[in-house]
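Notes follow the structure.
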Amino acid sequence: MMNAEQVLTVSLGERSYPIVIGAQVLATIGKHLSEVSAIRTVALVTNATVAAFYLKPVVESLTASGFAVQPILIPDGEEFKSAETLAMVYDAAFAAGLDRGGMFLALGGGVVGDLTGYAAATFLRGVPFVQVPTTLLAQVDSSVGGKTGINHPRGKNLIGAFHQPLAVVADVATLLTLSDRDFCSGLAEVVKYGMVLDEKFFSFLEQNAHLIRQRQLDALQQIVLECCRIKALVVEKDEREGGLRAVLNYGHTFGHAVETLTKYQQFTHGEAVAIGMVQAARLAVMQGHGDLAVVDRLTRLLQIFDLPLALPPFSADEYDRALRSDKKVREGALTFVLNQGIGTFSFVKINDVAAMVQQLVKNHEIV
Ligand SMILES: NC(=O)c1ccc[n+]([C@@H]2O[C@H](COP(=O)([O-])OP(=O)(O)OC[C@H]3O[C@@H](n4cnc5c(N)ncnc54)[C@H](O)[C@@H]3O)[C@@H](O)[C@H]2O)c1
Ligand SMILES: [Zn+2]
């Protein structure tokens, strides 16, 4: 039997909003949005890949609930999360007559969500927007929490704003059309939540790993719900990343180094995060925060999710340099999010990054 739809609330005072999660919720999106807002004019941003599957049902449901919808199509790909595409979205929104009484809707993955959210944050000094995430990464991570933005030639996500959505509507049935690679990449972020914030959830993932990997809808709904619940708690405590929210960077320090060294060509973000989590777990053992059994449980789960584990073959020097180029380095020291066993974490400052990397690379065969 299919689960009914479920609703969570992100509690941020007047910026609070619902996250609606279910299979086939796209068909009732008009009803959900009319419950959260009186706005009836929508600039719907998506790309051709997503539009081919989901534009029609979304427009039909919205129109049936009295919304006037203007679709805006942007090209598909991370390279289009750019100032040029943003300018195109502004132009299309003006051409459609969108004013301060209207809103944006992002239908797609993290690229569409981040760019549309930033368009909404800045268009006419800010209009509301709704997130309709259609990738696993977007449903469990990027659509919740209000980080919006675009890339700059100098680096990823360097231009942006905090702008919370009016609502998030996550239809887990949309995950059935994702490529295997995009689906599994999203699972890396799912595992991340369990590793540092919720041991029970980690065990759930272990017990249901094969069902999840096969995209069984009830299992998908449960993981999206749990991840959104965990992320909402973190965001409620630290909306603008003054402290706690940085826990969500678990696995990302090494992950970013891997992405940089491979020039963003070899691995997806999630794959790099999977490799990064394995390194963080090994580092935790080296620092006395856990034992190798934890590394073992992590690697076994990532393997079922078809994610890579091993550091690509660069020298310790190259890793050292890539880690130091991270924007989070302060005066040579690097602060890592390390798991403590499974389900809790600590921020650990590593002063001698070079020595730490030497040891990790040298002992690499233990993975
Ligand atoms: N704002 C945040 O807090 C936050 C957090 C994490 C990541 N991000 C950002 O998210 C982006 C990555 O997001 P992503 O992994 O979703 O990538 P993406 O948006 O590029 O989507 C991946 C691919 O899947 C396609 N697609 C989307 N939904 C589909 C569906 N249901 N069926 C078939 N194909 C579908 C897309 O067109 C694209 O080709 C990055 O730019 C990253 O910086 C933001
Ligand atoms: Zn990530």
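Only heavy atoms go into these numbers, but all of them, side chains included; no hydrogens, no water, no symmetry mates. Because the structure is predicted, anything quoted here is derived from the model rather than measured.
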Where do Ala274 and Leu302 come nearest, in terms of heavy atoms and distance?
O-CD1, 3.8 Å

Nearest 0.5 angstrom please: Met103 CE to Phe67 CZ, how far?
5.0 Å

Should the ring pair Phe201 and Phe204 be called parallel, tilted or perpendicular, given that the plane angle runs from 0 to 90° and is split at 30 and 60?
parallel

Could you label the plane-to-plane angle of the Tyr90 and Phe123 rings as parallel, tilted or perpendicular, counting under 30° as parallel and over 60° as perpendicular?
parallel

What is the distance from atom CZ of Arg15 to atom CG of Leu166, rounded to the nearest 0.5 Å?
13.0 Å

Between Ser185 and Arg181 (side chain of the first, backbone of the second, donor and acceptor by atom type, cut-off under 3.5 Å), is there such a pair?
yes

Is there a donor-acceptor contact under 3.5 Å from the side chain of Arg215 to the main chain of Phe183?
no

Spell out, yes or no, whether Ile304 and Val191 are grouped together once hydrophobic residues are joined by side-chain heavy atoms under 4.5 Å, including indirect joins.
yes

Given Leu8, Val7, Val224, the one that forms side chain to side chain contact (heavy atoms under 4.5 Å, CB included) with Ile19
Leu8

Locate the shortest heavy-atom distance separating Ala170 from Val25; write the atom from each residue and the value.
O-CG2, 3.5 Å

Residues Lys156, Asp114: salt bridge by 4.0 Å N-O rule:
no

Please say whether more than 12 non-hydrogen atoms of neighbouring residues, nucleotides or ligands are located less than 6.0 Å from NZ in Lys31.
yes

Considering only heavy atoms from C-beta outward, does the side chain of Leu176 approach that of Phe53 to under 4.5 Å?
no

Just wondering, do Arg324 and Val353 contact through their side chains at under 4.5 Å, heavy atoms?
yes

State whether the side chain of His252 and the backbone N or O of Tyr250 hold a donor-acceptor pair below 3.5 Å, judged by distance alone.
yes

Checking Arg100 side chain against Leu124 main chain: does a donor-acceptor pair fall under 3.5 Å?
yes

Does Asn157 reach the main-chain N or O of Asn151 with its side chain, forming a donor-acceptor pair under 3.5 Å?
no

Asp238, Leu197, Val196 screened by side chain to side chain contact (heavy atoms under 4.5 Å, CB included) with Leu248, the one that passes:
Leu197

Same cluster for Val20 and Leu136 if Ile/Leu/Val/Met/Phe/Trp/Tyr side chains link at under 4.5 Å?
no

When you look at Arg229 and Glu226, which way does the salt bridge (Lys or Arg N to Asp or Glu O under 4.0 Å) test go after all the steps?
CA-CA 5 Å; Arg229 182 184 62 73; Glu226 280 304 298; 2.6 Å; yes

Which heavy-atom pair separates Pro165 from Ser143 by the least distance, and what is that distance?
CG-O, 4.0 Å

Using the rule given for side chain to side chain contact (heavy atoms under 4.5 Å, CB included), can you reason through Ser315 versus Val361, listing the C-alpha separation, both sets of side-chain angles and the distance that settles it, and then say yes or no?
CA-CA 8 Å; Ser315 68; Val361 172; over 6 Å; no

Is any NZ, NE, NH1 or NH2 atom of the basic residue among Lys192 and Glu189 found under 4.0 Å from an Asp or Glu carboxylate oxygen of the other?
yes

So, the side chain of Glu271 versus the backbone of Pro308: is there a donor-acceptor pair under 3.5 Å, distance only?
no

Please check if the side chain of Ser61 supplies one atom and the backbone of Val58 the other of a donor-acceptor pair under 3.5 Å.
no

Have a look at Asp141 and tell me which of Lys147, His269, Lys231 forms a side chain to side chain donor-acceptor pair (under 3.5 Å) with it.
Lys231

Can a donor-acceptor pair be found, under 3.5 Å and without considering hydrogens, that links the side chain of His163 to the backbone of Val127?
yes

Assigning hydrophobic clusters by single linkage (Ile, Leu, Val, Met, Phe, Trp, Tyr; side-chain heavy-atom cutoff under 4.5 Å), is Phe104 placed with Val42?
no

Do you know which of Asn47, Thr85, Ile74 makes side chain to side chain contact (heavy atoms under 4.5 Å, CB included) with Phe80?
Thr85

Can you tell me how far CG of Leu86 sits from CD1 of Ile150, rounded to the nearest 0.5 angstrom?
5.0 Å

From Arg245 CZ over to Glu239 CD, what is the distance, rounded to the nearest 0.5 angstrom?
7.5 Å

Apply the test side chain to side chain contact (heavy atoms under 4.5 Å, CB included) to residues Ser16 and Gln164: give CA-CA distance (whole Å), side-chain angles for both, the deciding distance (0.1 Å), then the verdict.
CA-CA 8 Å; Ser16 298; Gln164 299 292 347; over 6 Å; no

Thr135 side chain near Asp182 side chain, heavy-atom distance below 4.5 Å
no

Minimum heavy-atom separation for Pro312 to Thr262, with atom names?
CG-CG2, 4.2 Å

Is the shortest side-chain heavy-atom distance between His289 and Val348 below 4.5 Å?
yes

Gln303/Arg300 under side-chain hydrogen bond (donor to acceptor under 3.5 Å, both in side chains): CA gap, chis, key distance, verdict
CA-CA 5 Å; Gln303 260 165 339; Arg300 245 179 298 149; over 6 Å; no

Assess the side chains of Thr63 and Glu60: does a donor N or O sit below 3.5 Å from an acceptor N or O?
no

Any non-hydrogen side-chain atom of Asp171 less than 4.5 Å from a side-chain atom of Ile29?
no

Side chains of His32 and Glu5, donor plus acceptor under 3.5 Å:
yes

Just so I know, are the side chains of Met277 and Val337 near enough to count as touching, which here means a heavy-atom distance under 4.5 Å?
no

Using modelled atom types and a 3.5 Å cut-off, is there a donor and acceptor pairing between side-chain atoms of Tyr193 and backbone atoms of Val140?
yes

Verify side chain to side chain contact (heavy atoms under 4.5 Å, CB included) between Leu105 and Leu62, making sure each step is shown before the conclusion.
CA-CA 11 Å; Leu105 182 151; Leu62 287 171; 4.1 Å; yes

Which atom pair, heavy atoms only, marks the closest approach of Ala280 to Leu338?
O-CD2, 3.5 Å

Least distance between heavy atoms, Gly30 atom then Ser65 atom:
C-OG, 3.2 Å

On the six-membered ring of Phe202, is Arg297 placed so that its NZ or CZ lies under 6.0 angstrom from the centre and within 45° of the ring axis?
no

Within the distance-only criterion (no hydrogens, no angle test), does the side chain of Gln131 pair as donor or acceptor with the backbone N or O of Gly146 below 3.5 angstrom?
no

Start with the C-alpha gap between Tyr54 and Thr46, add the side-chain angles, then the distance that decides, and say whether side-chain hydrogen bond (donor to acceptor under 3.5 Å, both in side chains) holds.
CA-CA 10 Å; Tyr54 306 112; Thr46 187; over 6 Å; no

Could you tell me the separation between the CD atom of Glu259 and the OG1 atom of Thr268, rounded to the nearest 0.5 Å?
8.0 Å

Examine Val169 and Tyr17 and state if one hydrophobic cluster contains both, with Ile, Leu, Val, Met, Phe, Trp and Tyr joined whenever side-chain heavy atoms are less than 4.5 Å apart.
no

Find out if a path of hydrophobic residues (ILVMFWY) with successive side-chain heavy-atom gaps under 4.5 Å connects Phe336 to Ile275.
yes

Does any part of the side chain of Asn351, heavy atoms only, come nearer than 4.5 Å to the side chain of Lys349, both counted from C-beta?
yes

Show your reasoning for whether side chain to side chain contact (heavy atoms under 4.5 Å, CB included) applies to Leu360 and Phe254.
CA-CA 11 Å; Leu360 269 181; Phe254 261 102; 3.3 Å; yes

Beyond-backbone contact of Leu220 with Ile223, side-chain heavy atoms, under 4.5 angstrom:
yes

